[in-house]
Amino acid sequence: MTKLDTSRRWSDHVVTDRLTTVIREAVLAACQAGELQLEGPLPAVVLEPPRRKQFGDYACNLPMLLARSTGLPAPDVAARILKWIPAPSGLVERAEIAGPGFLNFHLRPDWLHDVMVEIETKDEAYGSNRAHAGDRALIEFVSANPTGPISVVNGRAAALGDTLRRLLQACGAEVSTEFYVNDALNSTQMELLGESLACRYLQELGEPVAMPENGYQGDYVIEMAREIVAAEGDALAGLAVGERSLKFRQLATEQMINQQRSALAAFGVEFDRWFFESSLYDTGAVRQAIADMKARGYAYEKDGALWLKTTVLSGDDQDRVLVRSNEKETYVAADAAYHRDKFSRGFNRLINIWGADHHGYVSRLKASIAALGCPAERCEVLLTQMVLLMRDGEPVRGSKRAGDIIPLVDLVNEVGRSAGRFYFLMNSYETTSAFDLELAKRQSSENPVYYAQYAHARCCSVLQRAEDDGVAIPPASEAARSLLTHEKELDLLRKLADYPGEVRMAADLLAPHRLAGFVREIGQALHQFYEECPALKVSVPDDLRGARLALFRSTATVVRNLLALLGIDAPTKMDRSAAPGASSGDDATA
RNA sequence: GCGCUCGUAGCUCAGUGGAUAGAGCUUCUGACUUCGGAUCAGAGGGCCGGGGGUUCGAAUCCCUCCGAGCGCGCCA
């Protein structure tokens with residue numbers, strides 16, 4: 001009853017498919033011979049690479065799953081299946097019963113050697129698959145209010161969303177990304193930002209005006225004011241109060257969005273579309289959504305306001321206001337209209353990435369989607385846990401209003417785009433992480449990303465050296481692959497073979513941090529291979545040298561593909577000025 | 001009070017219902033007159049928050065308690 005779905009697991013190789021067939025046929029043969037009696041259908045055959053090498057290339061837990069229905073102890077079931085598995089055969093070198101009833105398979109090494117040919121043939125496409133073909137996904141993320149710069153905290157969602165896009169695309173999905181701009185000029189926050197900017201503007205002109213209560217205190221507001229003075233002089237000072245307020249709201253929005261866009265671009269994140277909340281008002285989509293919710297009986301009037309029945313729709317603890325008594329619509333109404341718009345554009349999978357502090361809003365959004373008759377279950381909300389900002393061990397409050405935020409641009413300048421991205425991607429977004437800015441700077445050269453990048457650079461370096469020395473590097477298809485029998489060679493090949501499954505798993509679980517962990521594993525296998533299996537030493541026979549060089553090239557391809565999914569550079573050589581002790585903020589040369 | 005999320009090595013974190021729970025950092029000890037040492041080998045470190053349950057098998061699923069973070073507005 002469980003684990004019937006092998007498609008979500010490890011059958012991404014021709015090899016596992018063939019092995020699955022071997023096992024299935026053995027079970028059927030045992031049944032026909034009357035040695036096994038099954039009730040019901042045969043459970044899916046699950047193969048996984050065992051944690052310990054001694055257990056072989058693939059382990060199968062089928063005997064334990066069949067123990068109950070056959071009424072036999074799992075090892076007995078295993079023995080009766082094993083009897084019908086031909087070994088040694090073309091694929092299986094050896095099969096054995098182990099532990100509580102596993103069937104462990106040791107395969108002939110040829111299948112590993114052929115992975116090199118597959119990598120060479122598919123090249124950039126190695127690791128890609130069609131598992132998510134047919135998905136039309138829209139990933140909406142960051143969506144920071146245009147009331148301040150993109151902060152380090154936004155970096156987590158930015159790196160995650162951008163990587164999910166690449167990941168899902170690699171699995172055959174059609175993906176768009178979107179930044180939702182809360183630019184509705186009648187919103188409370190935008191009024192306040194406009195007033196704060198107007199105030200700074202007048203102060204720049206020498207007028208002693210006081211900042212509004214709770215105004216935005218950040219220096220960036222003063223900088224914007226200076227730019228306006230530089231561009232417009234005192235031309236805006238004479239405007240009537242109402243007109244001036246609106247004008248500054250518009251100016252503030254425009255400037256903040258430009259700033260945000262370039263900060264994200266510097267982080268390697270670009271959106272297919274910036275969707276403006278205001279457009280939903282301009283087209284009447286918000287009013288239409290409200291009217292439809294009313295018509296469907298999910299909205300009612302009380303105390304002069306219009307309410308959405310979220311208690312009924314999603315078990316919320318109270319209903320939520322759609323239209324205030326002052327007749328202004330709330331964000332709930334606008335978001336309902338926005339998500340209906342997403343569906344109307346043909347997307348069948350909506351992925352929203354929000355900060356954990358918005359978790360209370362998930363059920364409200366789904367309620368509003370349902371109230372419009374849209375499929376709320378097709379909207380997934382990923383909640384990134386808090387990034388606790390620290391400075392010298394002391395927590396920092398990241399309030400835009402108080403001006404105490406750390407811009408993402410600063411991080412990029414300090415540690416570079418690749419290291420910054422990796423920092424966020426290496427941990428699951430579901431765990432809270434402490435981010436000490438001083439520590440991040442100091443650790444820049446210890447950042448695990450360099451380990452992965454060095455693996456790539458090291459491969460390239462060896463290949464370059466071979467080329468410089470006039471040593472031929474044969475294509476994998478012509479290399480003497482079967483000479484690669486050293487333990488470290490086989491370990492490395494195994495990692496390269498596992499890569500497509502890792503990509504698929506990371507995509508299925510929307511968990512790119514798995515790839516960040518896996519690239520370390522490949523790096524480790526590479527470095528160990530490098531230590532123990534010299535290629536260019538004179539003592540190495542030509543055919544073995546060729547095979548090893550081909551393996552370096554296969555590895556470089558896989559690491560490059562993996563880093564590309566994470567949006568991280570794969571340098572051909574490391575920039576030593578960024579080595580421990582130095583503090584260059586640039587990325588290693590590509 | 002109600003709700004959401006999370007408790008794994010000194011620190012930061014992995015871990016697909018499977019076999020002896022793993023990395024990195026830190027600490028200690030070693031390695032090549034090199035295919036670039038941003039490397040490699042080794043050691044130390046754990047009642048997987050506590051207690052029940054389901055299962056052949058639980059860090060993983062369920063219940064409960066303890067602890068932490070966050071949310072609960074006619075703000076977004």
Side-chain angles (χ1 to χ4, degrees), chain A residues 2-3 8-10 46 48 50-52 54-55 59 61 64-65 67-68 73-74 98-102 104 143 145 147 182 184 187-190 192 277 303-307 315-318 320-332 334-335 355-363 383 385-386 388 426-428 430-434 439 443 445-451 453-455 457-459 461-466 469 501 505 508-509 513-514 516-518 520-521 523-524 526-528 530-537 540 548-549 552 573-576 578-580 588:
Chain A
T2 54
K3 291 187 286 196
R8 291 183 67 87
R9 298 174 71 106
W10 286 85
V46 176
E48 49 187 13
R51 200 172 312 175
R52 287 171 200 287
Q54 73 206 56
F55 296 136
N61 66 351
M64 288 179 280
L65 299 180
R68 166 161 285 195
F102 285 103
N104 290 341
S143 300
N145 290 332
T147 54
N182 294 113
S187 72
T188 316
Q189 58 173 2
M190 292 314 293
L192 193 55
E277 179 187 8
D303 302 335
L306 187 72
W307 298 72
D316 205 347
D317 53 352
Q318 63 185 90
R320 303 291 160 174
V321 170
L322 284 169
V323 183
R324 298 170 212 158
S325 53
N326 68 4
E327 300 191 351
K328 288 183 179 178
E329 297 86 350
T330 65
Y331 65 97
V332 179
D335 278 1
D357 52 343
H358 288 70
H359 64 74
Y361 179 47
V362 176
S363 67
L383 296 172
Q385 288 302 309
M386 301 278 103
L388 303 172
M426 67 185 180
N427 296 143
S428 161
E430 291 173 293
T431 43
T432 54
S433 78
L439 205 60
Q443 281 184 337
S445 59
E446 296 161 22
N447 190 312
V449 75
Y450 296 106
Y451 187 89
Q453 290 183 319
Y454 183 49
R458 181 167 248 182
C459 291
S461 172
V462 171
L463 295 168
Q464 183 63 49
R465 175 73 175 268
D469 293 354
M505 188 66 87
D508 287 351
L509 302 175
H513 74 279
R514 288 173 158 272
F518 188 67
R520 221 198 75 43
E521 289 182 34
Q524 188 168 37
L526 180 273
H527 290 309
Q528 290 178 358
Y530 175 92
E531 291 288 328
E532 296 197 28
C533 304
L536 296 177
K537 293 255 162 77
V540 180
R548 283 179 175 171
L549 289 173
F552 273 113
K573 52 187 168 190
M574 301 303 282
D575 178 4
R576 301 207 113 175

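Computed from a prediction, not measured in an experiment: that's the story for all the values here. Here is how names work: the chains are called A, B, and so on, in the same order as the sequence lines, proteins then strands, and each is numbered from 1.
- The listed nucleotides are B/A19, B/G18, B/G37; the one nearest the side chain of A/F55 is B/A19.
- Nucleotide B/C72: paired with B/G1 (Watson-Crick or G-U wobble, both distances less than 3.5 Å).
- Base engagement by A/A98 is indicated by at least one non-hydrogen atom pair under 4.0 Å involving a base atom.
- Between A/R465 and A/A305, the residue whose closest nucleotide on RNA chain B is further toward the 5' end is A/R465.
- Distance A/E48 CD to B/U60 C1': 13 Å, rounded to the nearest Å.
- Among B/U12, B/A76, B/A19, the nucleotide with an atom closest to any side-chain atom of A/T330 is B/A76.
- Residue-level contact check: A/N104 touches the bases, meaning some heavy atom is under 4.0 Å from a base atom.
- Residue-level contact check: A/C459 touches neither bases nor backbone, having no heavy atom under 4.0 Å from any strand.
- Formation of a donor-acceptor pair under 3.5 Å by the A/R548 side chain with backbone atoms of A/P534 is found in this model.
- Within the 4.0 angstrom heavy-atom criterion, only backbone atoms of the sugar-phosphate kind lie near A/A356; the bases stay farther away.
- The nucleotide B/G45 finds no pairing partner, because no Watson-Crick or G-U wobble arrangement with both distances shorter than 3.5 Å includes it.
- Not a single donor-acceptor pair under 3.5 Å links the side chain of A/D303 to the backbone N or O of A/A305.
- A/Y451 comes within 4.0 angstrom of sugar-phosphate atoms only, judged by non-hydrogen atoms across all strands, and of no base.
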Just by protein heavy atoms under 4.0 Å, how would nucleotides 23-28 of chain B read 5' to 3' in B, S and -? SS----
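- Within 3.5 Å, no donor on the side chain of A/T432 pairs with an acceptor on the base of B/G69, nor the reverse.
- Residue A/E327 is out of contact with every strand shown, counting any heavy-atom pair closer than 4.0 Å.
- Judged by distance alone with a 3.5 Å cut-off, no donor-acceptor contact links the side chain of A/H527 to the base of B/C40.
- In this structure B/G17 sits in no base pair that meets the Watson-Crick or G-U test at under 3.5 Å.
- Between A/C533 and A/D303, it is A/C533 whose nearest contact on RNA chain B lies nearer the 5' terminus.
- Rounded to whole Å, atom P of B/U55 lies 7 Å from atom CZ of A/R68.
- Taking CZ of A/F55 as the reference point, atom CD of A/E48 lies at 12.0 Å (rounded to 0.5 Å).
- The nearest whole Å value for the distance from the CD atom in A/E531 to the C1' atom in B/U39 is 6 Å.
- Taking only side-chain atoms of A/Q318, from C-beta outward, the nucleotide of B/C72, B/A76, B/U55 with the closest atom is B/C72.
- Between A/H513 atom NE2 and B/G15 atom P there is a gap of 3 Å when expressed in whole angstrom units.
- One atom, OH of A/Y530, and another, P of B/U34, lie 11 Å apart when rounded to the nearest Å.
- Using a 4.0 Å heavy-atom cutoff across all strands shown, A/H358 reaches at least one base atom of the nucleic acid.
- Remark: ring of A/F102 overlaps the six-membered base ring of B/A19 in a stacked fashion, centroids less than 5.5 Å apart, planes less than 30° apart.
- One donor-acceptor pair, N or O on each side, does fall under 3.5 Å between the base of B/C74 and the side chain of A/S325.
- Using a 4.0 Å heavy-atom distance criterion, A/S428 is classed as a sugar-phosphate-only contact.
- In terms of polar N and O atoms assigned as donor or acceptor, the side chain of A/Y450 never comes within less than 3.5 Å of the base of B/A38 in a complementary pairing.
- The CG atom of A/L322 sits 9.5 Å away from atom CD of A/E329, with the distance rounded to the nearest 0.5 Å.
- Atom CD of A/E327 has 12 or fewer heavy atoms from other residues, nucleotides or ligands within 6.0 Å.
- Closest to the side chain of A/A59, out of B/C35, B/G37, B/A19, is B/A19.
- In this structure, the CG atom of A/D316 is 12 Å from the C1' atom of B/G73, given to the nearest Å.
- One can place CD of A/Q54 at 9 Å from C1' of B/A19, the figure rounded to the nearest angstrom.
- Listed for the A/T330 side chain is a donor-acceptor partner under 3.5 Å among the backbone atoms of A/V321.
- Closest to the side chain of A/N427, from the set B/A76, B/U5, B/U12, is B/U12.
- In this structure B/A58 sits in no base pair that meets the Watson-Crick or G-U test at under 3.5 Å.
- For B/G18, its base sits under 3.5 Å from the side chain of A/N61 at one donor and acceptor pair at least.
- Residue A/K537 has its side chain nearest to B/C35 when only B/C35, B/A76, B/U39 are considered.
- Candidate nucleotides B/A41, B/C35, B/G37 were compared by shortest atom distance to the side chain of A/Q528, and B/A41 ranks first.
- Candidate nucleotides B/G18, B/C6, B/C74 were compared by shortest atom distance to the side chain of A/E430, and B/C6 ranks first.
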